[in-house]
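We name chains A, B, ... by the order of the sequence lines, and we start the count at 1 in each one.
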Amino acid sequence: GNSVTQMEGPVTLSEEAFLTINCTYTATGYPSLFWYVQYPGEGLQLLLKATKADDKGSNKGFEATYRKETTSFHLEKGSVQVSDSAVYFCALRDYQLIWGAGTKLIIKP
Amino acid sequence: GAVVSQHPSWVICKSGTSVKIECRSLDFQATTMFWYRQFPKQSLMLMATSNEGSKATYEQGVEKDKFLINHASLTLSTLTVTSAHPEDSSFYICSASLGLRTDTQYFGPGTRLTVL
C-alpha cells in the first residue's frame, strides 16, 4: 500500500543554518504531496504542496520539489529561525491523506 | 483562516469510563470532519470520516462501537471513547473540511487522552 517515510528527529540546528528534512514515498499512480507543520500547542497547518512531478511547492521560505524519479519530496529552507521550531509532517494523498511519522525540528539561537 | 478547536486539550480517566472529545469549526461550516489517532513517534492514522447528518465511515480495524462519532451539526463533531482502557491512551486529532477534497483540511490542536 501507499506509505510515507520521513527522517527521524529531533533535528537540532542553529539559527540561520540550512535545513533539509527528507521524505520519500511509495505510491501507485500520481499522488499529491504535502508538508504540514505543527507549532507547539497548535493544530496542523498546511505548509506547502505539489500536485504533479517536478512541481515545486513553496511557502514561508520553505521549498520542496516533487521528484518522481526518486519518489521524494524533501523539505528545505536556506536559513532557519527559532520560530521555525515545530513538528513537520510529510503526507501524500490518494483518496485520503497518508502521513509520515513527523520530524521534530529544534532551532537554537 | 479557518480555525478548528478541540476540547478538552487533555484528559485523564479511569479504566472502564467513557470520554467525549469535541471538535468544533469556529468560523466555517464543515461538510466533512475527520478523526485521527497518533501514537508516539508514529504517523497519524485516520480513524473515521464523518459527514454532517450521516453515519461515520470507519477505517478498517477501528471499532465503531468503541469509538462513537457524532456529527450533529456543520460545526460540531464528537468522538466518544467508550469503556476506555489503557491501550486507548493516545493523541486524538480532528480536522474539518470545507468541501469534499481531502487536501483542504483544517486541523484541531489535538486531545491527549490518558487512561489509568
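Listed by first and then second residue, the ring pair (Phe, Tyr, Trp, His ring centres under 6.0 Å) pairs that reach into residues 3-33 of chain B are F28(B)-Y106(B), sequence neighbours excluded.
To the nearest 0.5 angstrom, F34(A) atom CZ is 9.0 Å from Q105(B) atom CD.
For Y36(B), the part sitting under 4.5 Å from any heavy atom of chain A is the side chain, from C-beta outward, and nothing else. Q38(B) touches chain A through its side chain: at least one heavy atom from C-beta onward sits under 4.5 Å away, while N, CA, C and O do not. For Q38(A), the part sitting under 4.5 Å from any heavy atom of chain B is the side chain, from C-beta outward, and nothing else.
Following chains of ILVMFWY side-chain contacts shorter than 4.5 Å, one cannot reach Y36(A) starting from L75(A), and the two form parts of different hydrophobic clusters. Transitive grouping of hydrophobic side chains (ILVMFWY, heavy atoms separated by less than 4.5 Å) keeps F107(B) and M47(B) in distinct clusters. Transitive grouping of hydrophobic side chains (ILVMFWY, heavy atoms separated by less than 4.5 Å) brings L13(A) and L47(A) into a common cluster.
Counting non-hydrogen atoms of neighbouring residues, nucleotides and ligands closer than 6.0 angstrom, the NZ atom of K66(B) exceeds 12 such neighbours. When the shell of 6.0 Å around CD of E8(A) is examined, it contains 12 or fewer heavy atoms from other residues, nucleotides or ligands. At most 12 non-hydrogen atoms from other residues, nucleotides or ligands lie less than 6.0 angstrom from CD of E16(A). Atom CE of M45(B) has 12 or fewer heavy atoms from other residues, nucleotides or ligands within 6.0 Å. For OH of Y39(A), the number of neighbouring non-hydrogen atoms (other residues, nucleotides, ligands) closer than 6.0 Å is greater than 12.
Proximity to chain A at a heavy-atom threshold of 4.5 Å picks out G108(B), P109(B) from residues 108-116 of chain B, in numerical order.
Nearest heavy-atom pair, S43(B) versus G100(A), reported as atom, atom and distance to 0.1 Å: CB-O, 3.0 Å.
Your options are I98(A), V87(A), T103(A), L44(A), and the one with the most heavy-atom pairs under 4.5 Å with chain B is L44(A).
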For this session: Could you go through the ring pair (Phe, Tyr, Trp, His ring centres under 6.0 Å) check for W99(A) and F34(B) one step at a time?
Result: CA-CA 14 Å; W99(A) 298 84; F34(B) 305 83; over 10 Å; no
